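Down below is the structure, laid out as structure tokens.
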Amino acid sequence: MDFNDSPQEAAFRAEARAWLEDNAERKGPGKVYRYKRGEPELIPAARAWEERKFEGGFSGIALPREYGGRGETRLQQIIFAEEEADYLIPPAVFSISHGMAVPTLLTYATEEQKQRYVPATLRGDEIWCQMFSEPAGGSDLAGLRTRSVRDGDADDADWIINGHKIWTSGAHYADMAILVTRSDPDAPKHKGLTYFFLDMKSPGIEVRPIRQISGYSNFNEVFMTDLRIPDAQRLGDVGQGWQVAITTLMNERVSSGVRPAPDFEDIFDLVRMTELENGPAIADGAIREKLADWYIKAQGVKLIRARLMTALSRGERPGPENSVSKLVSAFRRQEIAHFGMDLLDMGGGMVDPDLAPMRAMYQQALLDAPGGRIAAGSDEILRNIISERVLGLPPDIRVDKELPFDQLPSGR
Amino acid sequence: MDFNDSPQEAAFRAEARAWLEDNAERKGPGKVYRYKRGEPELIPAARAWEERKFEGGFSGIALPREYGGRGETRLQQIIFAEEEADYLIPPAVFSISHGMAVPTLLTYATEEQKQRYVPATLRGDEIWCQMFSEPAGGSDLAGLRTRSVRDGDADDADWIINGHKIWTSGAHYADMAILVTRSDPDAPKHKGLTYFFLDMKSPGIEVRPIRQISGYSNFNEVFMTDLRIPDAQRLGDVGQGWQVAITTLMNERVSSGVRPAPDFEDIFDLVRMTELENGPAIADGAIREKLADWYIKAQGVKLIRARLMTALSRGERPGPENSVSKLVSAFRRQEIAHFGMDLLDMGGGMVDPDLAPMRAMYQQALLDAPGGRIAAGSDEILRNIISERVLGLPPDIRVDKELPFDQLPSGR
Amino acid sequence: MNFDFSEEQYLLRDQAKKFLNDRAPPAAVRAVLEDDATSHDHGLWQDMARLGWVGTTIPEEYGGAGLNGEDLCVIAEELGRTLAPTPFSSSVYLATGALLMAGSERQKQDYLPDLAAGARIGCMAVAEGIGVAHATSIQTSVNDGVMTGKKLPVADGDAADFAIVLAKQGAVGDLSLFLVDLDGDGVHRTPVAMIDPTRSHAEITFEGAAAEPLGAPGDGWSLTQAIFDRAAIPMAFEQVGGAQACLDMATEYAKNRFAFGRAIGSFQAIKHKLADIYVATELARANAYYGAWALANDAPDLPTAAAAARVAAGEAYNLAARENIQTHGGMGFTWEFDCHMYYRRAKLLSLALGGERRWKDRLVSLLETRNSSGEE
Amino acid sequence: MNFDFSEEQYLLRDQAKKFLNDRAPPAAVRAVLEDDATSHDHGLWQDMARLGWVGTTIPEEYGGAGLNGEDLCVIAEELGRTLAPTPFSSSVYLATGALLMAGSERQKQDYLPDLAAGARIGCMAVAEGIGVAHATSIQTSVNDGVMTGKKLPVADGDAADFAIVLAKQGAVGDLSLFLVDLDGDGVHRTPVAMIDPTRSHAEITFEGAAAEPLGAPGDGWSLTQAIFDRAAIPMAFEQVGGAQACLDMATEYAKNRFAFGRAIGSFQAIKHKLADIYVATELARANAYYGAWALANDAPDLPTAAAAARVAAGEAYNLAARENIQTHGGMGFTWEFDCHMYYRRAKLLSLALGGERRWKDRLVSLLETRNSSGEE
């Protein structure tokens, strides 16, 4: 075993670091990035940073050269992200564009479309959002109801879209979108779907932000009313939308390695700065036991990532590492937030960043954590994925595979 | 609220205690009952004790007078059991006889049969076992395959039984048995069953004890080969066996209140007698936290029982109290056993009662506990019961309700 | 054996449920949540006083209803179920509790009738910021009847007319309790934002405020603990009520929300989750009921019963509130759904009288004492 | 970045798996389980020595294979998977580990070649009965080269030829390690029944036994800890192997056992249980791998890596063994099924080098030191 980069990896890392040093400001004590999430100024800054990376040859590292990428490995892409995390740069707004939209376009779009959209996206000109989830769906992605209907009988007639999407990250600033619709409600659930891409400035789109518990609005609802999409913007065949969507989802990004706060190191810090009624908190056995449990989980997740990197460096496909890590990390974050507040006792409920330690990291995390256990694969869905795809256990009994979509029980 | 007995309850308790004082020896330090479980001498002693109670008017307290019972309430039955638990008496071998066989006979047997069997059972002459579970069944009781076939076409022809039962407590000493069989494999699963009672000395019965992890053999397998049962010993109509079985199971005894060891008080004792590397174990925060959690559970179970007693004293039916208590207690016992051994550190694995504290209670419990989480309703089945019967959530999707039993998937 | 509330108490519960369903529906709670300027629902508070709830445990001679702790617990459970945004716990469990326990006859006559009528609101000020307040950490002090120091967060400190304050007698003195008029000179109050904005809290600065002793000098810490013990029991009922509300919401949602062509409540992942919440809530309820009995009967093991109820109820509520959101999936973590109001309240209540860790530790200490003194 | 075993190590693993599947199938383990007189499988042990496993980490100059800790871990995982009933951990991780760490050149020459050949078996005697053995609890003592005292339970104490014994130097002296020939005078051995009868243990009484110092006088406690740290890592691999075996058994059973007309593995209660075991096992495996790396590279944070591996692997194995029985339902708690052999081994291993509680505590102590010394 060897935790060092290979010579090639080390060379790339050095190159990345040198470029970053010239083009961005390194993080340091008290240095924070100037635009917070939710601020409108963030988007132009993110575009500018993406463009600068594109010029420097660091946008789309693992994407083909002929469409503006660098044509290298996913591992190098991760190495760059690791290094980038040490600099004050805009939080990623391009992850869906690079991780979902571009791979889907590369698989299903025409050559002309690829030339038109992929380089523009890598250059930061175009930001994509992904319109899959619907209010009635939840974890049941294929239960979507947004209707697509041909405007006429011609083989290349436009499509008219009506429906309602939800949990669309970035819809309020995105230029383009990928969209799955139901074109045939009489077909079984997974067989009547059709997939498109579209311009978010098209008439008939209304975006409404969703306010979360945490007070932030990372997600939107998108209402489509008589939205018109040319047939040329269909990706995959009519009725083949589920297969195209699977392509999109298989390309979900490998996490950048930026850890969600608070994690072990944070709670360890908080414990060590806390005095209890009977001495230092770090001397309390109950607290030590929790710290030990969180350490082995945090360390385990870090090491599972090292295994993933190893697999990628050999050109292997990622395994279930992300499902395991997400399941473990999302729940641990909620536990740590809960415990951190308890440690502060009667004052633990105060949310003012000037009063609560670490600028109210624990209080904010308590409100963020529930979403973390649901978004991008709920705990329950992840356990299903692990038990079915890794252990090979049978799927849940399905009542919705064969029936026409129209006739499925919906509780309504 | 009032934790005292009502005047009637107090009078009965006093009567019970006076009788017990005259007829049995009270428990005390160092006093243990002389026959251990598994010893053959236990059975005659248990019969003799049952007979003595019958003579004293304390057998079948809640059963009708005309069949030898006392004709009083279930609450009084529990009060007697509570008091009895303070005396050195044979561990219950009659719980299935009184709690399952007798109520089923009272509902489905002929008057003559009731007169013949019920008083004899209450007097200790006859011990019953219950032959329901089968190897292929597990938690799926109605999946049983033991076949019953009429010996001829007559309406009152004898039945010939072939099959294999498992988990039959007391089959090796029982005089009589209740039995569910499949009389019609072409009918849907729950509709082809027929119910009987029989003499365990009938030809064609072979009993084999099952050795458990703990080394004890509380259960048996019972093999039936061309076993003949007169039609008069059928309980309920042909094909109605599932309904009769439900009657039997609805009468499962309310627990006697004897707590399984180790519980909170035991582990609290062990902790207080233990010195660790850095001081008394009771001073360790991690241990204190566990004690607090176990206390609220042990106390909760005790108080839930008080609520059950309250309901019974008002003549109400028991609710889900036993499911809750069993789920909580069985798992807690395993946790406590595990922790108690850990507390003893490198020596904790020793199982010799002369070396391990409290006569190796923790080590024995570690081996007993897995069975406790499975027998008489596994954790998973209890959670299903609670979610369906208490919360009203939908049953699991069933694929086995409508199909002929013969055609059900069985994995073979 | 009668381990249940009485028929009268069930009637009281039905009345409370009906009144609060009507007067404190989620929309009313949300109105307080979304309005930073409102400390509580004033109209609701006055009506609760009119119904006699505010004076439940105050003897009739002081204008109260003269009922016992069990009755208070019946009301508390319903308050918890509906999240009713009022200073009930501060004024009734804590301030009234403190006066009943330690007040002189004159103090009782002065305060209790107004408290019973809801005309004056009391609160209790112990914490001094982040971290555990304990017998040697308190800095607020009283010299010659004049208080100096800072307390935060003080639940209902902005709504209250007076506070019961734990402070040192002199610069190095023992801890004692004091009554302080919050509208008097030398008192400054600022609202403090909390994890649950439906329950208002304040920072209170004392700069030469007049302070009148409550109870014997030097008894401050033991009185505080005794007041907290008694308050912990109705608080546990609020937590049980909240946990039950979460379980009810989650169950209802799981029955009616369909995915994969079936109600999500038919998946064992959801069924068993809800069964676990039911079990935790039943254990908490059983422990809380025992606390109610101990409260009404001034039982010697009231402190143990209180600690057990508090620990069990806090765990049940936090679990139920957390997994109610999880059961609701994406909608669960939106501002628009009500799940988060319970999640916030659950956390606030589990910190209100000191965190979970401390109550567990206290429970074991009490069990050690009980056991070594041969009681049980 | 290459956080994985090498190709050669994968070959070693395949060889070990094949050999042990053949030579230590469940029936062979059960034969030792059910025979009280047999301490271990002698033929298996000799063949393991012939394959070079017993001398894996012993340098070639002493007749060993001269491989590193990673190779030992590869074998350990397979031993754990099959429950192979041999004194491997005592002789290889502990006794060999102790001699490599603290032995004089003469002692190495005396012992290591025989250890490598499996001709002599070593064990390590620390515990003195129930309870935590610690720096001030040890009573066994050595005066003028003669040992007096009692050690129990000593893993493989009956199978071993010599023991490394932790004892006081003199009546009040510091702790030191000693080599004692167990077939010599003044040594009495009695088998001790353990929760896992497939691993033999003894009580060893020393009454005037000849004892030769190992390592510097007074270093006994720190050496013991260092030996345990290094042993904890292959032990963690045994635990990971055991956990994986339980997961495999449970998964296989859940796929093939039908109830209610469907495989029980199609119920989420079972699926999610097994997913949780998978997650715990993967976390343990990741921590154990890091331990293997630390062992092979003598990394400064080896103690931290060892503690993390030990805690994670112990938890995973206990969980997997426990829930494997639960997944098997009624058959799971019969003597006849193999589930309990893993359940017993899981518990035994988690106590073997000191309980879970102590290793968690040690882990946090090490993290405190690391952090305060500025390392990472």
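Naming: A, B, ... by sequence-line order, numbering from 1 per chain. None of the values given here were measured: they were computed from a predicted structure.
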**Fill in**
Given A/Glu321, A/Met309, A/Glu388, the one with more heavy-atom pairs under 4.5 angstrom with chain D than any other is A/Glu388
**Asked** What are the residues of residues 318-332 of chain D, in order of number, with any heavy atom under 4.5 angstrom from a heavy atom of chain A?
**Response** none
**Message:** Nearest 0.5 angstrom please: D/Glu282 CD to A/Leu303 CG, how far?
**Reply:** 12.0 Å
**Fill in**
Most contact-rich option vs chain D, by heavy-atom pairs under 4.5 angstrom, among A/Leu291, A/Asn384, A/Asp5, is A/Asn384
**Prompt:** Quick one: does D/Lys271's side chain have a donor or acceptor within less than 3.5 Å of a partner on A/Pro394's backbone?
**Reply:** yes
**Complete:** CD1 (A/Ile386) and CD1 (D/Ile277) are apart, to the nearest 0.5 Å, by 12.0 Å
**Prompt:** Checking D/Glu356 against chain A: side chain, backbone, both or neither under 4.5 Å from a heavy atom?
**Reply:** neither
**Prompt:** Is there a salt bridge (Lys or Arg N to Asp or Glu O under 4.0 Å) between D/Glu368 and A/Arg288 once you walk through the steps?
**Reply:** CA-CA 11 Å; D/Glu368 285 182 87; A/Arg288 293 173 79 81; 2.9 Å; yes
**Asked** Does CZ belonging to A/Arg398 count more than 12 external heavy atoms closer than 6.0 Å?
**Response** yes
**Request:** May I ask you to decide whether A/Glu289 forms a salt bridge with D/Arg357, counting only side-chain N to carboxylate O separations under 4.0 Å?
**Result:** no
**Fill in**
For residues 69-77 of chain D against chain A, heavy atoms under 4.5 Å, the residues are D/Glu70
**Prompt:** Relative to chain A, which segment of D/Leu363 carries a heavy atom at a distance below 4.5 Å: side chain, backbone, both, or neither?
**Reply:** side chain
**Message:** Check the orientation of D/Trp293 and A/Phe3. Use parallel for under 30°, tilted for 30 to 60°, and perpendicular for over 60°.
**Reply:** perpendicular
